[in-house]
Amino acid sequence: MKIATFNINGIKARLQALTDWLEEARPDVALLQEIKSTDENFPAAHFEGLGYHVAAHGQKSFNGVAILSKPEMADIRRGLPGDEADEQARWIEATVQGAQGPLRICGLYLPNGNPVPGPKFDYKLAWMDRLHDRAQELLAAEAPALMAGDYNVIPQDKDARNPEAWTDDALAQPESRAAFRRILNLGFTDAVRACHPRADIYTFWDYQAGAWNRDHGIRIDHVLLTPQAADRLTDCGIDRDLRGGDKPSDHVPVWVELDI
DNA sequence: ATGTCGTAACGTTTACGA
């Protein structure tokens, strides 16, 4: 089963590029972030026409996540537990059935957190605490599961082409990195690093300052696997060519292949 | 060039978030 995560930066602006990629890459499941759309305005019928079931968790203008899945989805849950007052649409999960059993799939859009310091950075760290708690629950189930999406965390200096350019940014703060490690160290596998240990692997290039042409990228889109899912990992990749295509998102898809 | 996008609205331009 091929599962991909893709921060599309607006469904309206990305409908054509996303459709072309779905038809080319043919993921069984696509986790989307920054749909920037309400559930009502998300073009579900369009994706159903491409053979996908659709589950969206959106809001007006900003944020928003969705799952496109060829297999039927069960037990769909929207919103990260732990704060009833949080109205930002950043988390969705569902269970899909593989040939050998179920897989729990979580899609996330972690808060950016800039500027540092400030309330947005505080919100990021609080959100990561809640993510830690949900991650712990997933591990306790001792079953195949993954959490994939735009983590807005550069885990290590080697995950940036120019780490010195990010020292004041929320994505590279020691607190952001520690919170990410704390989740990883519960027992998750960073799938991309498991497949590609070499340094220069990026998933995001800013629209500004010719970042793409100069390959000034960062690795912030991650797929974290429980041990039971990591045991099934056969391949993974980053579709970086999309960044050079027509009307690209500033992120590119990251995918894993699981024998499940 | 504080360098670019996407979204929304008191819209032909500005504000915000990234």
Side-chain angles (χ1 to χ4, degrees), chain A residues 5-21 30-44 46-47 56-66 80 86-91 107-128 131 148-155 159-173 175-177 179-180 202-222 239-254:
Chain A
T5 174
F6 189 5
N7 180 324
I8 57 173
N9 190 18
I11 186 60
K12 263 169 43 181
R14 215 65 59 214
L15 192 58
Q16 190 57 55
L18 173 59
T19 300
D20 292 347
W21 170 74
L31 303 169
L32 307 179
Q33 300 90 40
E34 283 205 90
I35 63 173
K36 297 187 176 180
S37 158
T38 58
D39 295 353
E40 301 77 52
N41 290 336
F42 190 74
H46 171 79
F47 297 112
H57 178 42
Q59 66 182 93
K60 199 173 186 177
S61 302
F62 306 117
N63 308 320
V65 288
L80 183 64
D86 185 1
E87 292 180 348
Q88 299 189 29
R90 297 179 175 277
W91 177 269
L108 67 99
Y109 175 47
L110 205 147
N112 173 293
N114 280 303
V116 180
K120 290 184 176 178
F121 189 57
D122 296 341
Y123 173 67
K124 177 182 192 134
L125 296 179
W127 203 93
M128 293 185 84
L131 177 60
D150 177 359
Y151 278 74
N152 268 318
V153 174
I154 304 166
D159 296 306
R161 172 69 182 276
N162 289 101
E164 60 279 5
W166 297 92
T167 49
D168 295 329
D169 196 284
L171 279 59
Q173 289 308 296
E175 296 96 326
S176 307
R177 289 178 167 180
F180 182 77
Y202 310 125
T203 67
F204 169 93
W205 296 259
D206 201 284
Y207 288 122
Q208 297 191 67
W212 168 246
N213 289 329
R214 300 200 267 173
D215 196 24
H216 286 185
I218 52 177
R219 191 175 75 94
I220 56 174
D221 299 271
H222 309 298
D239 294 342
R240 68 174 265 145
D241 289 354
L242 261 76
R243 188 61 182 80
D246 289 335
K247 289 206 71 183
S249 171
D250 40 8
H251 297 249
V252 295
V254 178

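Here is the naming used below: chain letters follow the sequence lines, and residue numbers restart at 1 for every chain.
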Using 0.5 Å steps for rounding, measure from the CZ atom of A:Phe62 to the CZ atom of A:Arg90.
11.0 Å

In this structure, how many angstroms lie between the P atom of B:dG17 and the CD atom of A:Gln59, rounded?
12 Å

Please determine whether a side-chain nitrogen or oxygen atom of A:Gln208 lies at a distance below 4.0 Å from atom OP1 or OP2 of B:dG3.
yes

Give the rounded distance in Å between these two atoms: CD of A:Gln33 and C1' of B:dG17.
16 Å

Consider only side-chain N and O atoms of A:Asn162 and A:Glu164, and report whether a donor and an acceptor are under 3.5 Å apart.
yes

In whole angstroms, the gap separating C1' of B:dT4 from CZ of A:Arg243 amounts to 9 Å

What nucleic acid atoms does A:Tyr109 come within less than 4.0 Å of, heavy atoms only: base, sugar-phosphate, or nothing?
sugar-phosphate

Given the P atoms of B:dG6 and B:dC10, what is the spacing between them in whole Å?
22 Å

Between B:dT7, B:dG6, B:dG3, which nucleotide gets closest to the side-chain atoms of A:Tyr207?
B:dG6

From the candidates B:dA18, B:dA9, B:dG17, the one with an atom nearest any side-chain atom of A:Lys36 is B:dG17

Which of these nucleotides, B:dA18, B:dT4, B:dG17, is closest to any side-chain atom of A:Arg90?
B:dA18

Can a side-chain donor-acceptor contact be found between A:Lys36 and A:Asn9 if the only test is distance below 3.5 angstrom?
yes

What's the CG-P distance between A:Asp206 and B:dG6, to the nearest Å?
13 Å

Most 5' of A:Glu34 and A:Lys247 on DNA chain B, judged by nearest nucleotide
A:Lys247

If the C1' atom of B:dG17 is compared with that of B:dT2, how far apart are they to the nearest Å?
16 Å

Within the structure shown, what part of the strands sits under 4.0 Å from A:Ile220 by heavy-atom distance: base, sugar-phosphate, or nothing?
nothing

Pairwise 5' ranking along DNA chain B for A:Asn7 and A:Ile11, keeping only the more 5' one:
A:Ile11

If I take atom CG in residue A:Asp250 and atom P in nucleotide B:dG3, what distance separates them, rounded to the nearest angstrom?
15 Å

Would you indicate which nucleotide in B:dG3, B:dA18, B:dG6 comes nearest to any side-chain atom of A:Asn112?
B:dA18

Among the candidates B:dA18, B:dG6, B:dG3, find the nucleotide nearest to the side-chain atoms of A:Ala209.
B:dG3

Is there a side-chain contact between A:Gln88 and A:Tyr109 (heavy atoms, below 4.5 Å)?
no

Does A:Lys120 place a side-chain N or O at less than 4.0 Å from the phosphate oxygens OP1/OP2 of B:dG17?
yes

Just to verify, what does A:Asp20 make a side chain to side chain donor-acceptor pair (under 3.5 Å) with, not counting sequence neighbours?
A:Gln16

A:His222 vs A:Phe180 aromatic rings, parallel, tilted or perpendicular, using cut-offs 30° and 60°?
tilted

Using whole Å, report how far CZ of A:Phe62 lies from C1' of B:dG17.
5 Å

Check the distance between B:dA8's C1' and A:Asn41's CG and give it to me in whole angstrom.
12 Å

Measure CG/A:Leu18 against C1'/B:dG6 and give the value in whole Å, please.
15 Å

Between B:dG3 and B:dA15, how far apart are the two P atoms, rounded to whole Å?
15 Å

